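Remarks on the structure that follows.
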Amino acid sequence: MPAYTPPVKDQQFLLHDLFKVSESDIPGYKDLDRSFTAAVLEEAGKIAANVLQPLNVVGDMQGCSLENGVVRTPDGFKTAWDEMANGGWMGLAADPELGGQGMPYLLNTAVGEFFSSANMAFQMYAGLVQGAALTLAAHGSDEQKATYVPSMHEGRWSGTMNLTEPHCGTDLGLIRTKAEPQDDGSYRISGQKIWISGGEHDLVENIVHLVLARIPDGPEGIKGISLFVVPKFLPNEDGSLGERNRLSCGGLEEKMGIHGNATCVMNYDGATGWLVGEMHKGMRAMFTMMNEARLSVALQGYAQAEIAYQNAVVFARERLQGRDVTGAKNPDGPADPVIVHPDVRRNLLDQKSFIEGARALAFWGAEMIDRARRKGDEEAEAMVSLLIPVMKGFLTDKGFEACVLAQQALGGSGFTREAGIEQFVRDARIAMIYEGTNGIQSLDLVGRKLPAKGGKAIMSFFELVKGFIRESEGNEALKAGFLDPLKAASKDLQAAGMYFLQEGSKNPLHALAGSYDFMHLFGHVSLGFMWARMARASMEALELGAEDAEYYETKIMTGRYYMSRQLPATGLHLARITSGADSVMGLGAESF
């Protein structure tokens, strides 16, 4: 069975050596000193390693079952849920006035990584609570907030997001679910939703569904969509649960992975619901939590890679096979451990350099969300909005790839269920699909985020990179291994943007055909930027006489690997982008 060790030390490095959180001007960050964050992360790590991770294989093997309209979760999930709820983990970053702990979103992101690595299927239930509660807190009436949100943060109730229908996924303007107004101010919700994570389960006493639906005679398309809160059980005025609402789970999806999470077909048969926010403004309300939701999925990508990598390293150190070409490293044994072989080192370093860079990028995104939310910083809001499709698309693509690399490192053992790596591959695959497929992320990036406000956000990103390079030019140790590669990669990104500006304005197909490559090009530059910053922070720590010199030296060496072996991929992506759309669109649809 796979094992998991929460990377507390690496997270502490990011929080305190790189981002220096306790020195930040973001409200609430001054309380995040090393001892406090260590206590939170170590406690979360214990839950992840000792409670959630042992249930991961249980959830995968047992899955969920539908019995007489009730979904049964795998053995142990209910006990784990209660432990998480009693510890206050469901509302870690939520408003204390609504039952939350009031911690920064950055700390919630750090903790969420542990839980996602340990048991992605289980953590999805908790993540949905946070997303639904956030939406209600932002757009619900005072009565709705008081009725639902505290109970969700306490873990007594859970939440869902109901968007997709059998005939529409991305194009939500095609939604058919109806919301008919009633004399008492409520609505009758009728329709079917599919692929609803956590739509029905036995972990809580009530499930609060947020449902997109169309009010009769409203505008056509996306402008006529409204958001409704539709609880499984109707709350009484005193907060107790009343009658069962007219909704049900019509079936469970048989999936490639995340078997421990119930993916439901939800039927609404005149269910009672209440409008959340303004009529016909449902998408605006739903997008309140979009940055957080997509960052959480980006996190899932590298979190699965982290646990897969940890187990690949253990195997590579223990598996004896062949001899080191430069001389035996295990002369008393029949063979050397496979970690001595260059191709195995390449495999592991591809994983390690991606994961650590991805973690830094995700933490930076979370820090910007805090800056935007807690300080009202519009520049931070614009920057994180630009980077969210990059993080979601690039980190889940590369996270899945890293899981496959970990599987490959085990050879034939990686293909067996006993080793456990194949589950991480299967579970990681969904992150590339939900919360908007990665193809949609690339279109959002190039079609909406890049040109927003005249390209102000991307220009700010370039200025951040240029400013960092200027500030660091006196550091000769940083220059050759980090600054020069970062400068070259940034120029590739600028050249791609210029191509879109010049050619995309003439023919938008030229931009759209290169959007996926642009997302990956941007992702590599972003990780290169993170690695350059981490290398400088590590060098500064060494100059100050850091106790654990080996940790910082390893960090620098891992960064050099990324800059020399991974970052040059920007040239390939630029070549593809500038080849235009002719080869992509030249073959007629009938010829496929």
Side-chain angles (χ1 to χ4, degrees), residues 298 301-302 305 309 342-343 345-362 364 386-387 389-406 408-409 428 431-432 438-439 441-443 445-446 450 458 461-462 464-465 468-469 480-500 510-535 556-580 583-584:
Y302 80 80
Y309 164 74
D343 191 59
R345 293 284 184 90
R346 171 204 60 78
N347 177 310
L348 296 176
L349 274 167
D350 279 352
Q351 297 174 62
K352 179 177 173 64
S353 64
F354 160 72
I355 293 163
E356 293 179 17
R359 179 177 294 121
L361 182 59
W364 185 35
L386 170 70
L387 288 170
V390 178
M391 288 190 270
K392 194 281 183 185
F394 184 70
L395 298 191
T396 58
D397 275 355
K398 301 301 283 189
F400 175 75
E401 182 181 307
C403 289
V404 173
L405 284 170
Q408 187 73 15
M432 302 160 71
N438 288 355
Q441 300 302 319
S442 71
L443 296 179
L445 173 64
V446 171
L450 200 61
I458 186 70
F461 178 84
F462 288 137
L464 279 175
V465 173
F468 175 83
I469 292 172
F482 293 91
L483 301 185
D484 290 347
L486 177 59
K487 186 183 296 185
S490 181
K491 287 181 178 179
D492 284 343
L493 184 62
Q494 292 178 62
M498 187 59 66
Y499 175 82
F500 288 157
H510 288 310
L512 299 182
S515 62
Y516 210 93
D517 279 286
F518 186 82
M519 180 178 72
H520 273 246
L521 198 168
F522 204 162
H524 277 297
V525 174
S526 298
L527 259 63
F529 183 36
M530 292 298 101
W531 269 117
R533 291 178 62 182
M534 287 191 286
I556 294 167
M557 284 299 298
T558 305
R560 285 191 178 129
Y561 178 88
Y562 189 87
M563 303 304 275
S564 64
R565 297 285 300 226
Q566 294 295 318
L567 194 56
T570 59
L572 170 63
H573 291 300
L574 177 60
R576 288 174 173 168
I577 290 167
T578 54
S579 71
S583 61
V584 175

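We use all heavy atoms of the structure for the numbers below, so side chains are in, but hydrogens, waters and symmetry mates are not. No experiment lies behind these values; they were computed from the predicted model shown.
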Between CE on residue Met563 and CZ on residue Arg560, distance to nearest 0.5 Å: 11.0 Å
Heavy-atom pair of closest approach, residues Leu486 and Val525: CD1-O, 4.0 Å
Plane angle bin for Tyr562 and His524 - parallel if under 30°, tilted between 30 and 60°, otherwise perpendicular: tilted
From Leu574 atom CG to Phe518 atom CZ, the distance as rounded to the nearest 0.5 Å: 10.5 Å
NZ-CE distance between Lys352 and Met557, expressed to the nearest 0.5 angstrom: 11.5 Å
For Ser526 against Leu387, the heavy-atom pair lying closest together: OG-CD2, 3.9 Å
Close side-chain approach of Leu445 and Gln441, heavy atoms under 4.5 Å: no
Check: Phe354 ring centroid to Tyr302 ring centroid under 6.0 Å: no
Least distance between heavy atoms, Leu395 atom then Ala298 atom: CB-O, 3.8 Å
Phe461 and Phe522 aromatic ring geometry - parallel, tilted or perpendicular at 30°/60° bounds: perpendicular
Separation of Ser442 OG from Asp397 CG (nearest 0.5 Å): 9.5 Å
Flag side-chain contact, heavy atom, 4.5 Å: Phe500 against His510: no
Stepwise side-chain contact (heavy atoms from CB on, under 4.5 Å) test for Leu567 and Leu527: CA-CA 8 Å; Leu567 194 56; Leu527 259 63; over 6 Å; no
Pair Lys491-Lys487, side-chain contact (heavy atoms from CB on, under 4.5 Å): steps then yes or no: CA-CA 6 Å; Lys491 287 181 178 179; Lys487 186 183 296 185; 4.1 Å; yes
side-chain contact (heavy atoms from CB on, under 4.5 Å) between Val404 and Gln408, worked out: CA-CA 6 Å; Val404 173; Gln408 187 73 15; 5.5 Å; no
Atom CZ of Arg565: over 12 foreign heavy atoms under 6.0 Å: no
Between OG1 on residue Thr570 and CG on residue Leu493, distance to nearest 0.5 Å: 8.5 Å
Distance-minimising heavy-atom pair for Gln566 and Ser353: CG-OG, 4.4 Å
Criterion side-chain contact (heavy atoms from CB on, under 4.5 Å) on Phe529 and Leu361, from CA distance to verdict: CA-CA 9 Å; Phe529 183 36; Leu361 182 59; over 6 Å; no
Straight-line distance of Asn347 CG to Leu405 CG, nearest 0.5 Å: 4.5 Å
Whether His520 and Tyr516 hold their rings parallel, tilted or perpendicular, with breakpoints at 30° and 60°: parallel
For the student: nearest non-hydrogen atoms of Ala406 and Gln351, plus distance: CB-OE1, 3.3 Å
Pro485 versus Ala480, closest heavy-atom pair with distance: CD-O, 3.4 Å
Lys/Arg N to Asp/Glu carboxylate O, Glu356 vs Arg359, below 4.0 Å: no
